[in-house]
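What follows is one structure encoded as structure tokens, with my remarks underneath.
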Amino acid sequence: MINVSGILSRRGVKHRPSWHLVFEWEDEISRVLGIPIRAPWRVGWGVRSLLRRVGAKCPRRDLPVLEFVMIATADNRGRYGHRSVPWIIDYFLPDSDIPAFLRSTALCPYVLISSREAYERLIAHGASPEKYRHLPLSLPDRYRLDPDAPMHKDIDLALVGRPSEVLLDFARRYVDEHPGLNVVVKGPKRGGHMWVYDLGGNPVADVDSREDYLALLRRSRLFLYSTPGVDDGKPTGGFSQVTPRLLEALACGCLPLMRYPDNPDTRWYDLPALCPSIDTYEQFVREADRALSAPADLHAIAEYLAPRYTSAVISNL
């Protein structure tokens with residue numbers, strides 16, 4: 001058991017959409033563990049970082065605080081110290097940076113690594129399994145799937161988000177060969193908001209906010225998904241981690257068409273149980289035809305998601 005006194009949140013200084021899910025995790029952890037969230041403003045973060053960079057200790061607490069770190073760096077830049085439990089979201093460091101990363105986190109009582117692949121790499125290079133723990137990313141309980149609730153699926157495929165170019169090419173070809181499909185694609189903004197349109201160019205839905213995006217998924221039957229670094233040119237240093245975007249789509253009753261490598265992270269999430277990694281157009285056709293031939297088995301999806309909600313994951317904290 002890792003005891004923490006609270007959560008140190010960047011919600012006062014980070015406003016990019018990529019942080020919104022982090023703040024939802026923090027809210028869920030705070031609720032389940034009954035610990036407070038502290039959210040200093042920019043001046044507070046600056047003073048804290050300066051004290052650590054010059055070797056001074058921040059005010060001591062009886063227990064450490066949990067804080068999410070968006071991306072691992074070899075030099076912690078004063079971000080966390082002897083009373084910090086950082087939870088690393090993205091880890092793309094080369095093996096040559098591992099000694100520096102371990103030194104930079106040496107004062108932390110624990111370090112949580114979301115990627116199973118990164119965790120195993122650190123342990124193989126001498127990190128202590130007592131201190132460095134694997135704690136995967138999760139889906140906030142607010143999105144829990146009720147398999148008995150009715151779902152209105154009037155869109156066959158929504159081409160939004162960040163799928164691989166290979167899957168996009170396969171999907172466009174499939175749509176051309178199946179003209180009766182109801183498909184929406186991202187198009188020009190309207191009133192400063194992102195919108196999706198049907199293939200005739202008619203506006204279908206505003207997807208500017210996180211809530212709007214999830215509402216669109218609840219209307220969609222198929223979902224294209226690839227792990228980061230697969231076909232998209234994202235510099236991940238060879239790591240390819242399963243992201244909560246997949247869990248969100250599943251909770252919205254979507255069936256995934258996927259591309260992913262065989263690695264400790266994709267095995268941890270048991271992606272082959274959902275869909276094989278698609279390498280050819282013929283595979284894409286088989287999987288798309290299968291997924292469109294019958295309604296999704298929401299009870300099976302709910303069973304898959306059960307241990308992957310935030311409340312279940314942090315029970316291991």
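All residue numbers in this chain count up from 1 along the given sequence.
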Among side-chain atoms of [X] and [Y], is any donor-acceptor pair under 3.5 angstrom?
X    : Y    : answer
Y143 : E24  : yes
N263 : T266 : yes
Y174 : D289 : yes

Run the salt-bridge test on [X] and [Y] with the 4.0 Å N-O cut-off and return the result as yes or no.
X    : Y    : result
E248 : R245 : no
R286 : E282 : no
R221 : D156 : yes

If you look at every heavy atom in [X] and [Y], which pair is closest and at what distance?
X    : Y    : value
L271 : M258 : O-CE, 3.8 Å
L255 : I301 : CD2-CD1, 4.2 Å
E117 : G238 : OE2-O, 3.9 Å
L217 : A249 : CD1-CA, 3.9 Å
L63  : S5   : O-OG, 3.1 Å
A72  : L93  : O-CD2, 3.7 Å

Check the pair E28, R31 against salt bridge (charged side-chain N to carboxylate O under 4.0 Å, His left out), reporting the backbone distance first and the verdict last.
-> CA-CA 5 Å; E28 184 69 17; R31 180 187 68 82; 2.5 Å; yes

Looking at OG of S138 and CG of L305, how far apart are the two atoms once the value is rounded to the nearest 0.5 Å?
-> 11.0 Å

Is there a side-chain contact between [X] and [Y] in this structure, where contact means two heavy atoms from C-beta onward sitting under 4.5 Å apart?
X    : Y    : value
Y269 : P136 : yes
L8   : P40  : yes
H125 : F101 : no
I37  : R11  : yes

Between Y197 and W195, what is the ring plane arrangement, given parallel below 30°, perpendicular above 60°, and tilted in between?
-> tilted

Parallel, tilted or perpendicular: which describes the rings of F223 and Y225, with under 30° parallel and over 60° perpendicular?
->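 Judged by the thresholds at 30° and 60°, the geometry between F223 and Y225 is parallel.
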
Mind checking whether I7 and M70 sit in one hydrophobic cluster, side chains of I, L, V, M, F, W, Y counted as touching below 4.5 Å?
->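 Same hydrophobic cluster.
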
State plainly whether one hydrophobic cluster holds both V175 and Y281, where clusters connect Ile, Leu, Val, Met, Phe, Trp and Tyr through side-chain heavy atoms under 4.5 angstrom apart.
->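 Hydrophobic grouping puts V175 with Y281.
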
Should the pair R144 and Y309 be classed as cation-pi, given the thresholds of under 6.0 Å to the six-membered ring centre and 45° from the axis?
->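 Pair R144/Y309 counts as cation-pi.
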
Positive for side chain to side chain contact (heavy atoms under 4.5 Å, CB included) with Y260, one of P272, S164, P228 | P272

Would you confirm whether H134, through its side chain, and S114, through its main-chain N or O, come within 3.5 Å as a donor-acceptor pair?
-> yes

Could you go step by step and tell me if C254 and K153 meet the side chain to side chain contact (heavy atoms under 4.5 Å, CB included) rule?
-> CA-CA 9 Å; C254 297; K153 297 286 187 179; 4.1 Å; yes

